[in-house]
Amino acid sequence: MATERYNPREAEPKWQKAWADAKLFEADNDDPRPKYYVLEMFPYPSGRIHIGHTRNYTMGDVVARHRRALGYNVLHPMGWDAFGMPAENAAMQNKVHPGAWTYDNIATMREQLKLMGLSIDWSREFATCDVDYYHRQQMLFLDFLDKDLVYRKQSKVNWDPVDMTVLANEQVIDGCGWRSGAPVEQRELTQWFFKITDFSQDLLDSLETLDEWPEKVRVMQKNWIGRSEGLQIRWQLDAATAPEGETELEVYTTRPDTIFGASFMAIAADHPLAKKAAATNPELAAFCEECRRAGTSVAELETAEKRGFDTGIRVVHPFDESWTLPVHVANFVLMDYGTGAIFGCPSGDQRDLDFANKYGLPVIPVVMPKDGDAATFQVTEEAYVDDGVMINSRFLDQMTPEKAFEEVADRLEKTDFDGRPQAERKVRFRLRDWGISRQRYWGCPIPVIHCEACGVVPVPKADLPVKLPDDIDFEKPGNPLDRHATWRDVACPSCGAAAKRETDTMDTFVDSSWYFARFTAPKADEPTDPAAANDWLPVDQYIGGIEHAILHLLYSRFFTRAMRETGHLDLAEPFKGLFTQGMVVHETYRTGSGTSGKWHAPSEIRLEESGGTRRAVVIDTGEEAQIGHLEKMSKSKKNTIGPEEITQSYGADTARWFMLSDSPPDRDVEWSDRGAEGAHRFVQRIWRVVSGAAPSLAAGDAGAAEGDALAMRKAAHKALKAVGEDFQKLGFNRAIARVHELVNEIAPAIEKSTNGSDTDKAAAHEALSILVQIFAPVMPHLAEECWTCLGYDSLVAETHWPAFDPALVEENSVVMPVQINGKRRGEITVAKDADKESIERTALDADFVIHHLAGTAPKKIIVVPHRIVNIVA
RNA sequence: GCGGGCGUGAUGGAAUGGUAGACAUACCAGACUUAAAAUCUGGAGGCCCUUGGCCGUGCGGGUUCGAGUCCCGCCGCCCGCACCA
């Protein structure tokens, strides 16, 4: 039967309109059905959507459509993470207002996304740069301030002297600003901080409850929080060598057991004691300055030599008044961890050993292997870091390190020194408070006012929002808010005197730390409608890139807790299920080399293949381009593919199908035209099968089907069961393989049934209906077209997921492989409910078994019902 | 250095400890066609003495009736963190 080819360019917009008109995807907060909240990490409006974004959203869309079909009240919203530096950079380069640039991009990207036929509740859309949104964020800030979850302190920051702004650590490349290229300076600035460390222990402990998160992400967060248990020890300074007014040096250690292996103290260049000593010692001052300037890049750290400078100060060993140790300033000690000072135990730490060897300091082994000989055990080039027993440690000898830890802690806790214990046990975290001040225009203004008389005065809630001024100029570097006098200069809300607004704005990670809560009631006057938020949250399935494994996900977990303390939410964990998807990658094409090299977009390239080698030729110039590795799609390398290109040539369904087939969703997938064409052929194949047969078929009673028709029904119901399970587990690639299998299995029988009995026709109609429903979450437009063709006047998108018939899924007989000594030799067919003995008999009677046993009696027969028979000869 | 993960045909990848290579891509052959595309049918891990058999999931051991899967030791690749005391 001749049929028209399926034309996605016509069909897709038609069905998108039908869904929108029916408001099928708008979630109702009062719907009594069980809820399901599926969310993909919202995009930054950089300009254009590329196909990598859409793979992410397609996964979420399949989950949303499947859950909707299963009868859940589904929330699947979309928004824009819209504040950030690129808008300001564009403003400087192109003289456009950052807001105009951002909203233009959003408009473009929204239209691009809509081409993909995503089942999104667009009625809840917002951008974080909407005044409406950041107004509520300022309310949250004031509430946090009220609960002491925000504070101000001086801290060291990376300062770009040319762009005149603070840079995040990630924006410092080889010691220079990533935009200006100027060497970055360390500056002390007063910054706002969120007290994320209040929750260190809880954030760590609760990771255990997140059993639907990837193990990898949980481990990364655990390491980031970095809990350690140790002892903080106060070492008395030797009075003869101490600078005036200094009496002690406090040190944090996780290995107090090795205290008798100590041979020096090392302090950071910024340590107060170092500063004090440097004041009277120009050489030391010079060394400290050098340490401060040293690079922090990975390469530099790896090659950096362990260097030190003896301050001349000595400390007294806490267990032996006659034993003093030198204090060195060392370049490998960090001021911002622990107390900025350590005691060096060369035999138990490689760095300390390198340092000791370089400066001729003693190396005293204090831990040796359990079966070692204390008289001869030595440490020279390699520190001994494994478990063992204590030696050379006086009262600790023979103990395990754990026991020695306790012993030292117990003793020093009881030792008085200046009327205080000499040491205390301390749990430390690597996690530090979250500095959120940015010297930027395009961000959420921090709603406080600085008054000379009253100090920091919060903007009264009635005066919110603190709106960003529109009349700004980017002609000069630095923060335009700083020099915007009419915006900046205000009266103090408290005393009425002349005062100044805070001109820093918030880190954009703040914006994305609570947007998922705002989606539950995007128009609420308060930041959330707690009833709605507590109903919808946690997000049941969150989907996004692994690059956010730490920052965004940790900040969001903090925010949820902080919002609970301020009454906006009543839960701790925002994301119940987390899935980190792989990227879409593409080869790169490049002509020329070095700095004169030029990248070419895939659309500018023609690929030629001959004799197994592939060549890439630039279409316009005929020049040959080098084919580069598969890489994440990026603007700079021009290896991006946009949704329009795809929807124009193949349609959204083809792209959706291709992106989810083959590769498991957590792995990268390579975009290739071949692959897209393959997926498109399958779209057309389904359309041929359905549209070729459907007009001759009708729904009816298929219960009496037998032969091919029964086989067809069985195949459909088995696929229905399997695909449902696969979607539940996000096994999109397996689900797709099963749809392929089903089509392969039933296509011939479908065609035959058009000339068959009413029962055959009913069976075929049933099988096709199931087929359409199980691929509908992935290819929703094609599904609607097929659904109409099958005679339904409803939409698949509002049709309930069918229940499979258990009788059709279970076979009456089972084919079981038979192994002899673990090697497969053949198979037997037995009744489904056959007992072990009869299976055994059937197996022993089989020709191939008799042949292989050659008359010998089997020693043992293992029968695993429904699985396998293994005969041990 | 520490932590996590992975290693299966030409390729992407399947496989609750139970028939390794499902499904797809590329490939080969045939049908249809003047021809091509599209479509349909079939083939395909390697080797051999080819109605059959042997080998085969990075390498070497082990547990088991049975191991891609579990355990131990290597090798290689990927990712994350990293002078964290």
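So you know, we letter chains A, B, ... as the sequences are listed, proteins then strands, and number each from 1.
- As judged by a 4.0 angstrom heavy-atom cut-off over every strand, Lys859(A) is placed among residues making no nucleic acid contact.
- Using C1' as the reference atom, U16(B) and U41(B) are 36 Å apart when rounded to the nearest Å.
- For the P atom pair drawn from C77(B) and A29(B), the interatomic distance equals 39 Å after rounding to whole Å.
- Using a 4.0 Å heavy-atom criterion, one finds that Arg667(A) contacts the sugar-phosphate atoms exclusively.
- Residue contacts shown for Val333(A) include a base, since a base heavy atom lies under 4.0 Å away.
- Here the side chain of Glu827(A) pairs no donor or acceptor atom with the backbone of Val815(A) at under 3.5 angstrom.
- For the pair Arg430(A) and Trp224(A), the distance from NZ or CZ to the six-membered ring centre is under 6.0 Å and the angle to the ring normal is within 45 degrees.
- Separation of the C1' atoms belonging to G60(B) and A15(B) is 25 Å when rounded to the nearest angstrom.
- Across all strands shown, the partner of G1(B) is C81(B), judged by Watson-Crick or G-U wobble contacts whose two distances both fall under 3.5 Å.
- Among the heavy atoms of the strands, none lies under 4.0 Å from Ser661(A).
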Where do N or O atoms of nucleotides 17-23 of chain B meet protein N or O atoms at under 3.5 Å, pair by pair?
from	atom 1	to	atom 2	distance (Å)
U19(B)	O2	Arg824(A)	NE	2.9
U19(B)	O2	Arg824(A)	NH2	3.1
A22(B)	O2'	Glu741(A)	OE2	3.2

Would you tabulate the nitrogen or oxygen pairs shorter than 3.5 Å linking the protein to nucleotides 44-52 of chain B?
none

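- As judged by a 4.0 angstrom heavy-atom cut-off over every strand, Arg825(A) is placed among residues touching the sugar-phosphate backbone only.
- C74(B) and G58(B) make up a base pair, with Watson-Crick or G-U wobble contacts both under 3.5 Å.
- On the P atoms, G18(B) is 23 Å away from G45(B), given to the nearest whole Å.
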